[in-house]
Participant: 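Quick one: the structure is below, questions incoming.
Computed from a predicted structure; not experimentally measured. Side chains included, hydrogens not; waters and symmetry mates left out as well; all remaining heavy atoms used. Every chain is numbered from 1, with letters handed out A, B, ... down the list of sequences.
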2 protein chains.
Amino acid sequence: MNTSLEEKLRKKSIKPTAMRLLVLQCLMEQNRALSLNELEVLFENADKSTIFRTLKTFQENYLVHRINDGSGAIKYALCDDDCICSLEDNHIHFLCTKCEKTYCLKDTPITTPNLPNGFRANFANYLIEGICSACS
Amino acid sequence: MNTSLEEKLRKKSIKPTAMRLLVLQCLMEQNRALSLNELEVLFENADKSTIFRTLKTFQENYLVHRINDGSGAIKYALCDDDCICSLEDNHIHFLCTKCEKTYCLKDTPITTPNLPNGFRANFANYLIEGICSACS
DNA sequence: AGAACTTTGCAATGGCATTGCACTCCTTAA
DNA sequence: TTAAGGAGTGCAATGCCATTGCAAAGTTCT
């Protein structure tokens with residue numbers, strides 16, 4: 001049906017199934033990071049493990065990245081088109097402590113600091129907690 | 001016995017008990033962030049919940065801060081003396097993906113970026129994963 | 001249509017944080 | 001000195017979330 005969604009999956013070598021298209025569409029519409037539980041609620045008739053495996057597939061193919069925002073549940077957000085989830089692709093995430101929503105701040109790049117001698121960085125997760133624009 | 005440890009607790013209004021002194025001593029010696037499980041192993045004869053509550057007490061009195069390093073287990077590290085765990089006290093944490101140890105990089109301050117309009121920061125957690133100096 | 005593979009649903013399982021309850025220990029007031 | 005009350009501890013659950021084994025359903029290919 002929605003050719004652009006299918007195309008997005010195919011570009012990442014993911015076979016488009018009904019479930020996958022729905023999850024992808026949902027992630028695009030929400031434009032923020034969603035937890036497995038949030039998706040489970042949105043798709044009441046789908047099983048948790050199916051959604052979990054869908055997200056796992058997405059992640060393995062660099063379609064989404066996992067975000068640990070300390071809320072207890074891992075959240076998932078869409079990657080940029082050419083993302084390979086390397087250090088350069090890492091960006092700041094913002095967790096609103098009021099509405100519990102997590103946003104990717106892709107326009108706010110992470111400045112990687114100088115590390116002490118002998119320390120090498122492979123991955124960065126910069127989380128900021130506070131109040132989002134909708135809640136303030 | 002160890003007056004300086006007791007003093008450290010009293011300064012933070014924590015009544016020094018045997019368990020608390022042991023946990024504090026351990027955190028000072030290790031000089032890194034420890035998980036509940038790691039402490040449990042070190043103090044085999046102490047109960048998990050006791051250590052948990054010890055750490056909770058420490059945290060409530062700004063003696064330790066909790067670190068979510070994405071390893072699945074929360075880790076605990078000593079605060080600086082005058083820490084009140086505010087945004088200014090936040091610092092970078094480094095998780096070595098080889099030895100799984102987490103370090104506070106207190107000498108590497110977090111530069112808080114400009115946030116989009118309407119976003120206000122209260123807390124920052126900047127985690128870097130990579131290889132530590134001991135493992136590289 | 002049938003074989004092989006993929007995806008999905010259901011029902012565990014496991015790890016970790018957290019808590020209720022009872023027991024012990026310590027302090028305090030009579 | 002002793003009784004009472006509070007704080008600290010240990011044990012045994014509980015709950016939440018991620019993850020997985022297995023079988024059923026769907027898909028693809030011949």
Participant: Students often mix this up, so state it plainly: with edges at 30° and 60°, are the rings of B:His91 and B:His65 parallel, tilted or perpendicular?
Facilitator: perpendicular

Participant: Please lay out, stage by stage, how A:Ser35 and A:Asn37 fare under the test side-chain hydrogen bond (donor to acceptor under 3.5 Å, both in side chains).
Facilitator: CA-CA 5 Å; A:Ser35 69; A:Asn37 198 52; 5.4 Å; no

Participant: Distance check: side-chain N/O of A:Lys56 vs OP1/OP2 of D:dT20, anything under 4.0 Å?
Facilitator: yes

Participant: Can you name the residues that form a side chain to side chain contact (heavy atoms under 4.5 Å, CB included) with B:Thr17, not counting sequence neighbours?
Facilitator: B:Met19, B:Arg20

Participant: With A:Lys106 as reference, evaluate A:Asp81, A:Asp89, A:Asp80 under the salt bridge (charged side-chain N to carboxylate O under 4.0 Å, His left out) test and give the passing residue.
Facilitator: A:Asp80

Participant: What nucleotide among C:dT8, D:dC17, C:dG20 has an atom nearest to a side-chain atom of A:Thr54?
Facilitator: C:dT8

Participant: May I have the distance from A:Glu40 (atom CD) to C:dT8 (atom P), rounded to whole angstrom?
Facilitator: 15 Å

Participant: Step through the shown structure and confirm whether more than 12 heavy atoms of other residues, nucleotides or ligands are within 6.0 Å of OH on B:Tyr62.
Facilitator: no

Participant: How is B:Thr17 classified with respect to the nucleic acid when contacts are heavy atoms under 4.0 Å: base, sugar-phosphate, or nothing?
Facilitator: sugar-phosphate

Participant: Distance check needed: D:dG10 C1' versus B:Leu39 CG, whole Å only.
Facilitator: 17 Å

Participant: Measure from the side-chain heavy atoms of A:Ala46 and tell me the nearest of D:dG10, C:dT8, C:dG9.
Facilitator: C:dG9

Participant: Mapping B:Lys75 and B:Arg53 to their closest nucleotides on DNA chain C, which lands nearer the 5' end?
Facilitator: B:Lys75

Participant: How long is the line joining CG of B:Leu22 and P of D:dG8, in whole Å?
Facilitator: 16 Å

Participant: What is the distance from NZ of A:Lys15 to P of D:dT28, rounded to the nearest Å?
Facilitator: 6 Å

Participant: Under a 4.0 Å heavy-atom cut-off, which of residues 60-71 of chain A touch DNA chain D?
Facilitator: A:Arg66

Participant: Indicate, with a heavy-atom threshold strictly under 4.0 Å, whether B:Thr50 touches base, sugar-phosphate, or nothing.
Facilitator: base

Participant: In this structure, is the centre-to-centre distance between the rings of B:Tyr126 and A:Tyr126 below 6.0 Å?
Facilitator: yes

Participant: Taking the minimum atom-to-atom distance to the side chain of A:Asp47, which one of D:dA18, C:dA17, C:dG9 wins?
Facilitator: C:dG9

Participant: In whole angstrom, give the distance that lies between atom CG of A:Leu9 and atom C1' of C:dT7.
Facilitator: 14 Å

Participant: Counting side-chain heavy atoms from CB outward, which of C:dG9, C:dT19, D:dA18 is closest to A:Ile74?
Facilitator: D:dA18

Participant: How would you list all residue pairs meeting ring pair (Phe, Tyr, Trp, His ring centres under 6.0 Å) that involve residues 22-60 of chain A, not counting sequence neighbours?
Facilitator: none

Participant: Rounded to whole angstrom units, what separation is found between the CG atom of A:Leu21 and the P atom of C:dT8?
Facilitator: 10 Å

Participant: Where the side chain of B:Leu36 is defined as all heavy atoms beyond and including C-beta, which of C:dC10, D:dG8, C:dA17 is the nearest nucleotide?
Facilitator: C:dA17

Participant: Base, sugar-phosphate alone, or nothing: which one does B:Arg20 contact when heavy atoms must sit under 4.0 Å apart?
Facilitator: sugar-phosphate

Participant: Can you tell me the distance, in whole Å, between the CD1 atom of B:Ile51 and the P atom of D:dG8?
Facilitator: 16 Å

Participant: Please determine, for the side chain of B:Lys48, which listed nucleotide (C:dA17, C:dT8, C:dG20) has the closest atom?
Facilitator: C:dA17

Participant: Would you say the side-chain atoms of B:Asn61 and B:Ser13 include a donor-acceptor pair closer than 3.5 Å?
Facilitator: no

